2 protein chains.
Amino acid sequence: MLELRHLRSLAAIAETGKLVQAAGRVHLTQSALSHQMRALEAHYGILLFQRTGAGLRFTPAGQRLLQLARVTLEAVAGAERDLARLQGDTRGDLRIALECHTCFDWLMPVMDEFRGRWPEVEVDLLAGFHSDPLELLKGGRAELVIGSQKPRGRDYVALPLFRFEILAVLPLEHRLRGKRRIEAADLKGETLITYPVPEERIDLIRQVLKPAGIRLARRTSELTVAILQLVASRRGIAALPNWGVRNYVDLDYVIARRIGARGLWSDLHAVVPRALAGRPYVGEFVDIIRSKCAAGLPGIELL
Amino acid sequence: MLELRHLRSLAAIAETGKLVQAAGRVHLTQSALSHQMRALEAHYGILLFQRTGAGLRFTPAGQRLLQLARVTLEAVAGAERDLARLQGDTRGDLRIALECHTCFDWLMPVMDEFRGRWPEVEVDLLAGFHSDPLELLKGGRAELVIGSQKPRGRDYVALPLFRFEILAVLPLEHRLRGKRRIEAADLKGETLITYPVPEERIDLIRQVLKPAGIRLARRTSELTVAILQLVASRRGIAALPNWGVRNYVDLDYVIARRIGARGLWSDLHAVVPRALAGRPYVGEFVDIIRSKCAAGLPGIELL
DNA sequence: AGAATAACTTGAATACTATTCATATCGGCA
DNA sequence: TGCCGATATGAATAGTATTCAAGTTATTCT
């Protein structure tokens with residue numbers, strides 16, 4: 001008999017297109033999902049998917065069940081929010097500080113969605129950048145910090161968001177354009193254009209250049225577009241998240257290359273005071289980030 | 001984690017108000033439901049019911065989940081209908097014959113609901129009454145017969161509907177008005193007003209009078225109101241289903257009394273050709289009868 | 001063409017947890 | 001006080017969802 005579990009799986013399969021990835025999202029193995037979907041198909045006596053070499057494609061019947069899954073899971077989520085409200089006071093503030101400049105790109109739609117679901121929560125984005133955003137938490141000036149730093153003590157918890165790849169951004173006719181991978185040594189003599197943050201907060205420097213004993217000239221800018229402009233006009237190179245440069249690469253404005261053999265990756269977390277971590281709206285804020293980013297940002301990997 | 005099973009239970013509890021009865025509807029024990037609901041309450045950390053000596057009353061949180069249950073289960077049913085349509089042709093005819101005259105009272109709303117859900121199925125009610133409605137099935141002139149007769153062979157299946165009580169209906173000042181129970185012997189000398197059907201199809205005669213060796217004068221009428229009119233004007237007595245007389249009793253038009261110590265009960269079935277029993281719309285027609293009657297007819301018992 | 005990769009499928013073993021059974025408890029009523 | 005009609009509870013059970021370990025199939029790379 002149909003259960004919500006089936007609908008949750010269905011929705012995950014629709015998002016990822018693949019059983020392996022969907023399995024991760026619903027905390028099951030790929031095999032479990034395969035069994036589950038086959039059982040559904042047997043139950044209704046109808047095929048829900050076309051199995052291709054590259055994942056599953058929904059049949060019309062599958063799409064109909066998927067539609068059910070969407071409306072149903074949304075209804076369930078709505079009811080659970082209401083239960084949380086009935087269960088206790090859910091009002092509160094959520095002042096957000098960003099450690100990574102590029103996160104602006106996806107944060108606005110997340111906040112919009114969140115405000116719709118939790119109108120009684122005051123969400124705010126702290127203006128400006130801060131050398132150590134975790135300090136804002138301790139000082140009680142923010143409730144949530146998005147970044148790759150993990151908090152030290154037991155007073156704060158880091159809720160995992162996603163992992164993204166940082167790419168080297170080069171002007172179109174750059175001497176390194178022929179290489180598929182950029183190594184630290186390749187960059188000798190270049191000027192590095194970054195956001196205005198300390199060296200130790202720049203992954204390329206901390207994880208790649210410093211270990212190789214290479215120091216580059218630096219130039220800073222607050223805005224992602226400005227950095228890209230500087231790169232395009234040959235004032236230097238940059239290292240930016242995959243999703244932040246994709247559009248400009250597609251427009252042939254700059255080129256992007258993987259850094260090192262495996263690529264340079266960074267993990268993003270949402271850090272909140274332990275006392276707030278249990279609040280239902282905090283969990284849901286994180287959920288919204290994860291689902292919106294998984295759907296909208298290419299080449300990321302949910303943690 | 002919330003599952004549809006919980007919502008199904010919730011809906012059943014709402015309909016019956018009691019765990020024991022709800023348990024029957026979802027094919028579980030009372031204990032299972034108790035555990036299930038306690039688990040839900042623990043999961044959400046909120047009470048869903050006020051437990052009273054006479055069943056469960058929904059708290060606001062319970063009502064919110066119940067509302068979720070209603071919309072969700074309806075959405076699921078809708079999706080499953082669509083799957084049935086995708087799975088195969090669901091068109092067909094459903095010509096209905098009634099063995100019991102009083103069933104008219106509840107059949108119309110059932111048919112309306114059914115037409116809304118299965119517009120591609122042609123439902124019709126066979127006009128007139130038939131001495132042996134099961135013959136209509138065999139002759140291919142009907143697809144579904146509602147009555148208390150069970151079919152003999154393997155070619156037809158009887159889908160259980162509900163059990164109802166047949167009450168003795170007497171005029172207001174009748175000599176038996178003082179008795180709480182009417183026994184066969186009490187009726188000696190009365191005139192029995194019935195629908196125009198053979199003796200062996202009248203439960204009061206077959207199950208009560210005949211075994212006691214009592215024969216009464218008979219008078220017949222096609223319409224329930226007409227029978228009640230005759231009773232009220234002292235032309236005789238009748239035996240009619242609980243729900244058919246309730247209104248008239250409440251209006252002090254006639255009085256109704258239990259027949260025998262345990263009451264006289266009759267079981268209603270929907271009989272269909274075995275070939276049709278698997279059709280999704282047939283099952284749903286039966287479901288609609290059961291749920292609408294359970295909700296609307298007082299004092300019946302689902303089979 | 002052959003090997004490697006990246007998917008999904010399958011059947012048996014396992015682990016989990018929902019359900020039952022049997023009994024306790026509660027509240028109202030005579 | 002005792003009984004009736006309810007629900008609650010704890011331990012045992014049964015049922016079934018999930019995992020594990022191969023097995024298949026299609027596609028891509030060399």
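All figures in this text were calculated on a predicted structure; none of them were measured in a lab.
For the ring pair (Phe, Tyr, Trp, His ring centres under 6.0 Å) condition, the pairs that include at least one residue of residues 276-303 of chain A, sequence neighbours left out, are A:Phe114-A:Phe285. Screening residues 60-90 of chain B for ring pair (Phe, Tyr, Trp, His ring centres under 6.0 Å) gives no qualifying pairs among residues at least two apart or on separate chains.
Rounded to an integer number of Å, the gap from CZ of A:Arg51 to P of C:dT10 is 8 Å. Atoms CZ (A:Arg57) and C1' (C:dC8) sit 15 Å apart, rounded to a whole Å. Residue B:Met37 contributes atom CE, which lies 19 Å from atom P of D:dA6 at whole-angstrom precision. In this entry the distance linking CG of B:Leu48 with C1' of D:dT7 reads 15 Å, nearest Å. In this structure, B:Leu40 places its CG atom 13 Å from P of D:dA8, rounding to the nearest Å. When rounded to the nearest whole Å, the span between CD of A:Glu3 and P of D:dT16 equals 12 Å.
At distances below 3.5 Å, at least one donor-acceptor pair connects side-chain atoms of A:Thr16 with backbone N or O atoms of A:Ala12. The main-chain N or O of B:Gly244 is never found under 3.5 Å from a side-chain atom of B:Thr102 such that the two would form a donor-acceptor pair. A donor-acceptor distance shorter than 3.5 angstrom exists from the side chain of B:Glu3 to the backbone of A:Arg5, with no hydrogens or angles considered.
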Can you check side chain to side chain contact (heavy atoms under 4.5 Å, CB included) on A:Leu2 and A:Leu40, steps first, answer last?
-> CA-CA 7 Å; A:Leu2 186 71; A:Leu40 265 194; 3.7 Å; yes
Would you mind building the protein contact string for nucleotides 11-22 of chain C? One character per nucleotide, 5' to 3', B for base within reach (heavy atoms under 4.0 Å), S for sugar-phosphate only, - for untouched.
-> BB-----SSBB-
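Applying the 4.0 Å criterion to OP1 and OP2 of C:dT9, one finds that A:Ser34 has a side-chain N or O inside that range. Residue A:Arg38 has a polar side-chain atom (N or O) positioned under 4.0 Å from OP1 or OP2 of C:dT10.
Residues from residues 13-24 of chain A placing a heavy atom under 4.0 Å of any atom in DNA chain C, listed by number, are A:Lys18, A:Leu19, A:Val20.
Put simply, the side chain of B:Arg64 does not reach to within 4.5 Å of the side chain of A:Arg81, judged on heavy atoms. Put simply, the side chain of B:His269 reaches to within 4.5 Å of the side chain of B:Lys150, judged on heavy atoms. When side chains are defined from C-beta on, B:Gln67 does not count as touching B:Arg70, because their heavy atoms never get closer than 4.5 Å.
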Give DNA chain D the dot-bracket treatment, 5' to 3': Watson-Crick (N1-N3 with N6-O4 or O6-N4) or G-U (N1-O2, O6-N3) under 3.5 Å, [ ] crossing, | other strand.
-> ||||||||||||||||||||||||||||||
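Between B:Trp106 and B:Phe162, the two ring planes are perpendicular [angle over 60°; tilted spans 30° to 60°].
Every residue two or more places apart in sequence or in another chain that forms a side chain to side chain donor-acceptor pair (under 3.5 Å) with A:Tyr44 is listed here: B:Glu80.
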